[in-house]
Amino acid sequence: MAKNLVIVESPAKAKTIEKFLGKDFTVKSSFGHVMDLSKKNLGVDIENGFIPNYEISSDKKKVVSELKKLSKDAETVWLASDEDREGEAISWHLVNALKLDESKTKRIVFHEITKTAILNAIENPRGINKKLVDAQQARRVLDRLVGFELSPLLWKKVKPALSAGRVQSVAVRLIVEREEEIKNFKVTSSYKVTAKFEIDSKKGKTKLVAELPKKFKTKEEAIKFLEQCIAAEFTIAKIEKKPGKKSPAPPFTTSTLQQEASRKLGFSVGNTMRVAQQLYESGKITYMRTDSLNLSNLALGMAKEQITELYGEKYVKTRKFTTKIKGAQEAHEAIRPTYMNNKTAGKDASQKKLYELIWKRTIASQMSEAQLEKTVVTIDISTTKEKLVAKGEVIKFDGFLKVYLESTDDENGEDQKNVLPPLNKGEKLQLDEMIADERFTKFPPRYNEASLVKKMEELGIGRPSTYAPTISTIQKREYVIKEDRFGKNRNYDVIILKNEKITEKVKSEKTGFEKAKLFPTDIGALVNKFLLQYFDNIMDYNFTASVEKEFDEIADGQKKWNEMIKEFYGPFHSKIENTLETAKKFSGEKLLGKDPKTGLNIFVKIGRFGPMVQMGDAESEDKPRFAGLKKTQSIETVTLEEALELFKFPRNIGEFEGKEITVAIGRFGPYVKHNNLFFSLQKTDDPLSVIRERAIEIIEEKRQKDKENTIREFDKDPTVKVLKGRFGAYIKIKTKNFKIPKGTDPEKLSLEDCLKISEDPKNAPKKGFKRKKK
DNA sequence: CAGTGAGCGAGCTTCCGCTTGACTT
């Protein structure tokens, strides 16, 4: 039995560290937090000073009991969770969950997984920092109170099963507000003049492209300018050369890795993290959830060695980067290859591509600057005071550019940097052509997953471990949808001066094309409006930053954590109560117009099951009729005509086997209903025009499929069936499903067998825990 | 994966932050 038990957060880390320490040490992992607030009720005792009710998380019971056993036999238990707020709390929870004896428990920390760092940590143990734990408790309790009081309010006032929280609600706000900016954006156009000159040089003819810095607001002004240039003489007035340099970007953090993988590889945020996890687990890269730019001395040394070997000594420049991100906790290193001499690694194409990106970024960050020479050429026009400008850039020394250049989110990469031909001051230029083309102002870009993460990081909301899950949550709640939009064609004017003649042309370009961008849904916009109206403080972009400041004060011992919570909770809770009493149902109801046949009002709003249209007033004697919106429609844009179409359902389209067939649109899209059974329409079927014959086809297809999936049926009781599911055979009784015990042949089950199996609680459908009411 | 299918009636839903491997309906 080992004398020492070391507990870290991640199993891959445990494996590495075990190699560094001798055989007297066993290294195990807690798999992150082992305790959390109870999920029943609030999990916090409001009346008695906000005492948290912690429980061992259900998925951690096994880990905890194993660690408990090992800790009993160990002489010393070393708690080596990360050195940040959450890590400190993990150690504290471990003390409680494992019932550790204080005398044999030691807390150690390290920021990098290197042998020296770990041996050094072992030499310098300390106790648990209770103040830091308190800061974490404040963070945890605040998030619980906000989430578990706001969400139920939404269920009552907006729609069931919605959610709100300190992080997700602000993320949705960003997307809703960006969409509003875009909607209110006024597109204007102006004319940009570009001139092409022919240069005779020793090497033959080359081109020089120059631009007019000024843009013309109207076509008339642009034409007037071109007319002036017909008989003009063009002379080089000035040639300015300036040295410039470019520096490499710092190594990757979680957020910048997600951004670059999105731009360069087209990965979603979730995909990047999944692939990075695989690389981490196979020991190829360091930890992938980090906000630190730091590289260990070992890594710096390896990088230097690698760069010298591959490119030579003059490409080396060792740098240490420091983070500018507020609230960064820097418990880990930056994301880097474990061994810099592996230029490639990974099992599949995704892993290889991501690894290569990390390798290049890390190596480049330790390379010398690129040396540039920037040239600006000014060209006089004899007939006007305006001057043309040509810009050029020559790379004198490539430095880090040999390996890697960070891309940008900028969608219209304007500055084209070309190499200029040899030119002399006073030289007269021969105009080939001059073009004035119409350019339009561009609305602010919509967020994609990665650029939203970037913005969240800037605001200090969310952590490296939560960026990907948060983005998935707001999509799962249907606050936000990720999709492509096809652009529209737009005409623009082009005026050309060539051979001393001016001609005009109209050209066409694609505009508004969007790929994998985040759009707010009706529900997202409505919930955002509700929260902004009643809880503007939580929705404030600075809310997290201001509570973070208080958490820091708690960690410094200047503030008691439950006092901070009390100050927040008092006004917050009375707002909840007040809103509960006074706010009406928040449905976003909008009057579209009147039904021309009946004269009844047509409304659009959010109902229990999402966006819908309503015919007739709620207060009128005749109950109003309802119909759900199609998935492709929105409250914002639906027209009266489209709304009226929706009331054509359910459509009776004939009879089949003596029962009528109807078509309608439900929660899960358009369907055919026959004999109380439902059959989904295909995407290619139009619910407004689908005919009886096609409906029968769909019914027969479904029947065939059901037959194939049925293993056993019983004449005596048709509500009991043995069916083939995606996880194998199961028993269905009415709407409930039951597991079949192992070793039972489903083909041979009798009705009695089925009923018996259904009575055994072991086989009952799992529905989670029932909530206990006090 | 495939299946689900209402307009109110039960019972349920929910947060953020650590971490991976569950093993379903």
Side-chain angles (χ1 to χ4, degrees), chain A residues 8-13 29-37 39 42-44 57-60 62-63 81-82 84-90 93 136 139-156 159-169 274 277 280-281 287 289 329 331 461-467 469-470 473 477 544 607-610 612 614 618 623-628 664-673 676-680 702 705-706 709 723-732 735-739 765-771 773:
Chain A
V8 295
E9 291 182 36
S10 138
K13 206 174 177 177
S29 141
S30 75
F31 296 83
H33 275 292
V34 293
M35 294 186 106
D36 191 17
L37 297 176
K39 271 197 161 61
L42 265 185
V44 181
S57 311
S58 58
D59 56 336
K60 298 293 163 55
K62 230 173 119 183
V63 184
S81 50
D82 296 346
D84 58 16
R85 211 161 56 204
E86 298 298 328
E88 205 65 22
I90 288 174
H93 286 312
Q136 192 273 347
R139 200 280 304 155
R140 180 66 190 94
V141 168
L142 178 92
D143 282 337
R144 170 54 69 86
L145 293 175
V146 169
F148 274 38
E149 296 217 346
L150 276 184
S151 300
L153 186 66
L154 290 178
W155 306 342
K156 290 198 183 90
K159 186 177 167 311
L162 296 176
S163 66
R166 173 176 60 82
V167 171
Q168 59 168 287
S169 297
R274 197 162 40 248
Q277 176 91 30
Y280 169 66
E281 281 173 12
Y287 198 57
R289 291 184 277 262
Q329 313 229 346
I461 60 169
R463 303 275 315 128
S465 66
T466 60
Y467 294 138
T470 301
T473 298
R477 299 268 175 279
T544 291
R608 171 91 165 69
F609 298 98
M612 62 175 197
Q614 177 183 326
K623 275 203 169 171
R625 288 182 62 201
F626 300 99
I665 298 174
R667 184 138 116 81
F668 307 105
Y671 64 89
V672 171
K673 192 175 173 186
N676 266 325
L677 291 171
F678 296 86
F679 308 89
S680 284
K702 171 82 186 334
K705 235 185 194 168
D706 281 349
N709 286 332
L723 300 174
K724 213 188 294 171
R726 54 187 158 135
F727 311 116
Y730 66 100
I731 300 169
K732 190 180 189 78
T735 57
K736 286 212 165 96
N737 302 315
F738 300 90
K739 252 196 300 208
K766 277 190 187 161
K767 270 273 157 71
F769 300 106
K770 279 212 178 109
R771 181 190 280 194
K773 286 257 159 155

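All chains are named by letter (A, B, ...) in the order of the sequence lines, taking the proteins before the strands, and each is independently numbered beginning at 1.
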| task | Using a cut-off of strictly less than 4.0 Å, decide whether A/Gln136 has a side-chain nitrogen or oxygen near OP1 or OP2 of B/dG17. | result | no

| query | What is the distance, rounded to the nearest whole Å, between atom CG of A/Leu145 and atom C1' of B/dT14? | reply | 13 Å

| said: From CG of A/Asp82 over to P of B/dT19, roughly how many Å is that when rounded to an integer? | reply: 6 Å

| Taking the nucleotide of DNA chain B with the closest heavy atom to each, which residue, A/Thr470 or A/Lys673, is nearer the 5' end? | A/Lys673

| field | Integer-rounded Å distance: B/dC12 P and A/Lys159 NZ | value | 18 Å

| Hey, are A/Lys13 and A/Asp82 close enough for a salt bridge, meaning a charged N less than 4.0 Å from a carboxylate O? | yes

| query | Does A/Arg477 have a side-chain nitrogen or oxygen under 4.0 Å from the phosphate oxygens OP1 or OP2 of B/dT13? | reply | no

| request: Taking ring pair (Phe, Tyr, Trp, His ring centres under 6.0 Å) as the test, write out the residues that go with A/Tyr280, two or more places apart. | output: A/Tyr287

| request: List for me each residue that meets salt bridge (charged side-chain N to carboxylate O under 4.0 Å, His left out) alongside A/Glu86, sequence neighbours excluded, and say none if there are none. | output: A/Arg139

| To the nearest Å, how far apart are A/Lys60 NZ and B/dG21 P? | 12 Å

| field | Options B/dC16, B/dC18, B/dT20, nucleotide nearest the side-chain atoms of A/Gln277 | value | B/dT20

| Does a nitrogen or oxygen in the side chain of A/Ser29 sit under 4.0 Å from OP1 or OP2 of B/dT20? | no

| remark: In DNA chain B, consecutive runs of at least three Watson-Crick or G-U pairs below 3.5 Å, as range with range, amount to none

| task | State, with a plain yes or no, whether a side-chain heavy atom of A/Asp36 is found less than 4.5 Å away from one of A/Arg140. | result | yes

| said: Can you see if the side chain of A/Arg289 gets near the phosphate of B/dT20 - specifically, an N or O under 4.0 Å from OP1 or OP2? | reply: yes

| A/Lys62 has an atom NZ; how far is it from atom P of B/dT20, in whole Å? | 16 Å

| query | CG of A/Leu37 versus P of B/dT14: gap in Å, rounded? | reply | 17 Å

| A/Asp59 CG to B/dA22 P: how many Å, rounded? | 11 Å

| query | Going by ring centres under 5.5 Å and near-parallel planes (under 30°), is A/Trp155 stacked on B/dT13? | reply | yes

| Length of the CZ-C1' vector between A/Phe31 and B/dG17, whole Å | 17 Å

| message | Applying the 5.5 Å / 30° rule, does A/Phe148 stack onto the base of B/dT14? | response | yes

| query | Would one find a side-chain N or O of A/Ser151 under 4.0 angstrom from OP1 or OP2 of B/dT13? | reply | no

